[in-house]
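Below, read A as the first sequence line, B as the second, and so on, with proteins coming before strands; counting in each chain starts at 1.
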2 protein chains.
Amino acid sequence: MPSKPPPITIDAVYAAPGYLFRRMQQIAVSIFMEECKTFDLTPVQYAALIAIHTHPGIDATRLSAVIAFDRSTLGSVIERLQAKDFVERRPALEDKRIKLLYLTKSGAAILRDIIPAVERAQARMLEPLKPADRKALMGLLVQLVDLNNEASRVPLRADDALEHLGKTG
Amino acid sequence: MPSKPPPITIDAVYAAPGYLFRRMQQIAVSIFMEECKTFDLTPVQYAALIAIHTHPGIDATRLSAVIAFDRSTLGSVIERLQAKDFVERRPALEDKRIKLLYLTKSGAAILRDIIPAVERAQARMLEPLKPADRKALMGLLVQLVDLNNEASRVPLRADDALEHLGKTG
DNA sequence: CCTAGATCGTAAGTATACTGTCAATCAACA
DNA sequence: TGTTGATTGACAGTATACTTACGATCTAGG
């Protein structure tokens, strides 16, 4: 026999994975901004700074693959980081299309100073759960994000993107 | 003794709850848009339509509480739904500030037609996990979102927001 | 060498998702 | 009653997050 048509109610939305992911993301950003309000950094800008710190001299396209942002979005993110003097762009000698990214002194400093606030934020997001449940949730999420990587418009390419660096070293 | 300072690397970001929530949200939106591409509806617009269907005659402020969006954001969402002729706004007689929201015939029709695609999208998001893990993840997420509700800038007020409706019925 | 295709950064366009602020309106209290 | 304070929808401003497109540049194939 045919399956019952799903009910058209808001309660079905409340239990839908998509809704819960959106809601949790809203909450996570809100907590991050609250804990880090004395620093002039958004979650996305923070991730970009960390990635540049880890891979100095990376270019914007590869950076977008490393933190899984869209290339266009990243352009404006970098612009803002540059305006705040946290990031510096230098043209690459071998390829005139490319601009290499480096942290400025201020960028390295704010990164060092903001870490405790970020740690507090990350902890607060999971705080309502029992410790065992926190671990379980993170484990499942890591799995799911990884297995769904290709479904995203901008898949994460943490390793691929870095072949230009360190190849010679 | 003092705890070790956390390492400043991109790998720490990959394991951070905030990063995983953002990434999962990206993936969820991407899957939704793919499954629903023949319908001219975003996830947010879909949620708004469902909520208006469940609560006909709701006003924009209450709607924002029911689906946990910011009031400002919702304004433009409604505008777009109105431009597509899925939603209608009528001034309330008792309160000249309020505009009441109703689905149009097209709005009710697209809602009916899009449901299967939305169901497919929701299923696809969790598909990579084993069935037991899907249940576990959803259970933990429902808990976490609920317990963190007040941490969000726009807490969900599913019940409060509806006191103006149905009180008389 | 020189053109075909790929890649880089950028730009314009759309849609969330917030922050404020504002005028109009309403509700409640002195 | 009349004024204070709250609420509603609207607007401006900032920041993601995506799409498509385009010029500049690089790389490979002939």
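Side-chain atoms of B:Thr73 lie closest to C:dA17 of the nucleotides C:dA17, C:dA12, D:dG9. Here D:dT16 is the nucleotide among D:dT16, D:dC18, C:dT7 with the atom lying nearest to any side-chain atom of A:Val44. In this structure, the nucleotide among D:dT8, C:dT19, C:dC8 sitting nearest to the side chain of A:Asp59 is C:dC8. In this structure, of C:dT25, C:dT16, C:dA17, it is C:dT25 that holds the atom nearest to the side chain of B:Lys96. Relative to the side chain of B:Arg97, the nucleotides D:dG9, D:dC18, C:dC26 differ in distance, and C:dC26 lies closest.
The distance between atom CZ of A:Phe32 and atom P of C:dA17, rounded to the nearest whole Å, is 18 Å. D:dT16 atom P lies 23 Å from atom CZ of A:Phe21, rounded to whole Å. When the P atom of D:dT14 is taken as reference, atom CE of A:Met33 falls 14 Å away, rounded to whole Å. The interatomic distance linking A:Ile67 (CD1) with D:dA17 (C1') rounds to 13 Å, in whole Å. Nucleotide C:dA27 holds its C1' atom 14 Å from the CD atom of B:Glu94, rounded to whole Å. To the nearest angstrom, P of C:dT16 lies 16 Å from CD of B:Gln26. Atom CG of B:Asp95 and atom P of C:dA27 are 6 Å apart (whole Å). Atom CD of A:Gln25 and atom P of C:dA15 are 20 Å apart (whole Å).
The phosphate of C:dT7 (OP1 or OP2) has no side-chain N or O of A:Arg62 nearer than 4.0 angstrom. Between B:Arg71 and C:dC18 there is no side-chain polar atom (N or O) within less than 4.0 angstrom of OP1 or OP2. A:Arg89 has a side-chain polar atom (N or O) that falls below the 4.0 Å cut-off from OP1 or OP2 of C:dT10. B:Arg22 has no side-chain polar atom (N or O) that falls below the 4.0 Å cut-off from OP1 or OP2 of D:dT16. Distances shown here put a side-chain N or O of A:Gln45 below 4.0 Å from the OP1 or OP2 atom of D:dT16. A close approach under 4.0 Å does occur between a side-chain nitrogen or oxygen of B:Lys99 and OP1 or OP2 of D:dA10.
Using a 4.0 Å heavy-atom cutoff across all strands shown, A:Val29 reaches no nucleic acid atom at all. Across all strands shown, B:Asp70 has heavy atoms under 4.0 Å from base atoms, whether or not it also approaches the sugar-phosphate.
Using modelled atom types, no side-chain atom of B:Asn148 and backbone atom of A:Met24 make a donor-acceptor pair closer than 3.5 Å. No donor-acceptor pair closer than 3.5 Å links the side chain of A:Thr54 to the backbone N or O of B:Thr9.
In the interface, the side chain of A:Ser72 is paired with the base of D:dT19 through a donor and an acceptor atom under 3.5 Å apart. With hydrogens and angles left out, the side chain of B:Ser76 and the base of C:dA15 share no donor-acceptor pair within 3.5 Å.
A side-chain contact (heavy atoms from CB on, under 4.5 Å) with B:Ile114 holds for exactly one of B:Leu41, B:Thr38, B:Asp40; it is B:Leu41.
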Check against side chain to side chain contact (heavy atoms under 4.5 Å, CB included), B:Glu119 and B:Gln122: CA-CA 5 Å; B:Glu119 296 285 317; B:Gln122 302 293 349; 5.8 Å; no
Working for side chain to side chain contact (heavy atoms under 4.5 Å, CB included), residues A:Arg62 and A:His55: CA-CA 10 Å; A:Arg62 261 162 259 265; A:His55 309 296; over 6 Å; no
CA sep, side-chain torsions, deciding dist, call: A:Ile67, B:Val13, side chain to side chain contact (heavy atoms under 4.5 Å, CB included): CA-CA 9 Å; A:Ile67 47 185; B:Val13 173; 5.8 Å; no
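Residues A:Arg23 and A:Ile98 each lie close to DNA chain C; by heavy-atom proximity, the contact nearer the 5' end of the strand is made by A:Ile98.
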